[in-house]
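Reading through the structure tokens given below for one structure.
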Amino acid sequence: MGDIVGFRAPTATSSPSSSGKGKNLLFIAGGIACRPCAASSGTCLDLRDWFQDITIVYGARSVADLVYKHELKEWQERPDVNLLCTVDPGGETPDWTGKVGFVPLIVEQANPSPENTVALVCGPPIMIKLTCPCSPSSASPRRASTPPWRTA
């Protein structure tokens, strides 16, 4: 009793479903952080006609570490969602058909347009740190849960 416990949580004042109406949505998640992105993207997909392009980039260490496979399958089957699912190099299996590479590289390769885009980034701190520099350079953060993009 009397010990100090540290706690970190999203502190945004709005969600992509409220701040992104009429915009492109970009969800970037790593590991078990797929859950917050799945919750937010699920709401946005329920309101699909409110948004333009929806891109989801999700990565895990290995195929065995992918979580929420049911949601991944649903997103993959939707023609109105661009899902980029990746595993780290060495984490693929012979039957893996997704991408192989770290999330920051996959985001950079996808080259999402910064125009009219709201992004939600959830994952391990190192993924966020390395993802943000290769995210759209002209995007500017407006919420505490959106890490700052590198500006040139």
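Judged purely by atom type and a 3.5 angstrom limit, Y58 uses its side chain to pair as donor or acceptor with the backbone of G31. Panel note: side chain N24, backbone D53; a donor-acceptor pair is recorded below 3.5 Å.
When every heavy atom of G30 is checked against every heavy atom of P124, the shortest pair comes out as O-CD, 3.7 Å. Between V67 and C34, the shortest heavy-atom contact is CG2-CB, 3.8 Å. Nearest heavy-atom pair, T117 versus L26, reported as atom, atom and distance to 0.1 Å: CG2-CB, 4.1 Å. The minimum heavy-atom distance between C44 and F27, with the atom names listed, is SG-CZ, 4.0 Å. In plain terms, the two heavy atoms of P104 and M127 that are nearest each other are CG-O, 4.2 Å. Across V57 and I106, no two heavy atoms sit closer than the pair CG1-CG2, 4.0 Å.
Side-chain contact of D46 with T43: a donor-acceptor pair under 3.5 Å is absent, judged by distance alone.
The hydrophobic clustering, which links ILVMFWY residues whose side-chain heavy atoms are closer than 4.5 Å, places F51 and L83 together.
The local environment of NZ in K69 is crowded, with over 12 non-hydrogen atoms from other residues, nucleotides or ligands closer than 6.0 Å.
Counting only heavy atoms from C-beta outward, the side chains of L105 and K99 never approach each other to under 4.5 Å. At least one side-chain heavy atom of L45 sits under 4.5 Å from a side-chain heavy atom of W75. Residues V81 and I56 meet the side-chain proximity criterion, which asks for heavy atoms closer than 4.5 Å. By the 4.5 Å heavy-atom criterion applied to side chains, T86 and F102 are not counted as neighbours.
Interatomic distance, CG of L72 versus CD of E77, reported as 11.0 Å (0.5 Å rounding). Note that CG of L130 is 11.0 Å distant from CD of E108, once rounded to the nearest 0.5 Å. Separating the CG atom in L25 from the CH2 atom in W50 is a distance of 11.5 Å, to the nearest 0.5 Å. Distance CD1/I128 to SG/C122: 7.0 Å, rounded to 0.5 Å. Between the OG atom of S40 and the CZ atom of R35 there is a distance of 9.5 Å, given to the nearest 0.5 Å.
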Derivation and outcome, side chain to side chain contact (heavy atoms under 4.5 Å, CB included), residues C85 and W96: CA-CA 10 Å; C85 192; W96 175 246; 3.8 Å; yes
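Evaluation of the side chain to side chain donor-acceptor pair (under 3.5 Å) rule for D80 yields R48, R78 as partners, not counting sequence neighbours. Scanning for side chain to side chain donor-acceptor pair (under 3.5 Å) contacts around Q52 gives an empty result, with sequence neighbours left out.
Under the side chain to side chain contact (heavy atoms under 4.5 Å, CB included) rule, V107 has a single partner from V121, L84, T131, which is T131.
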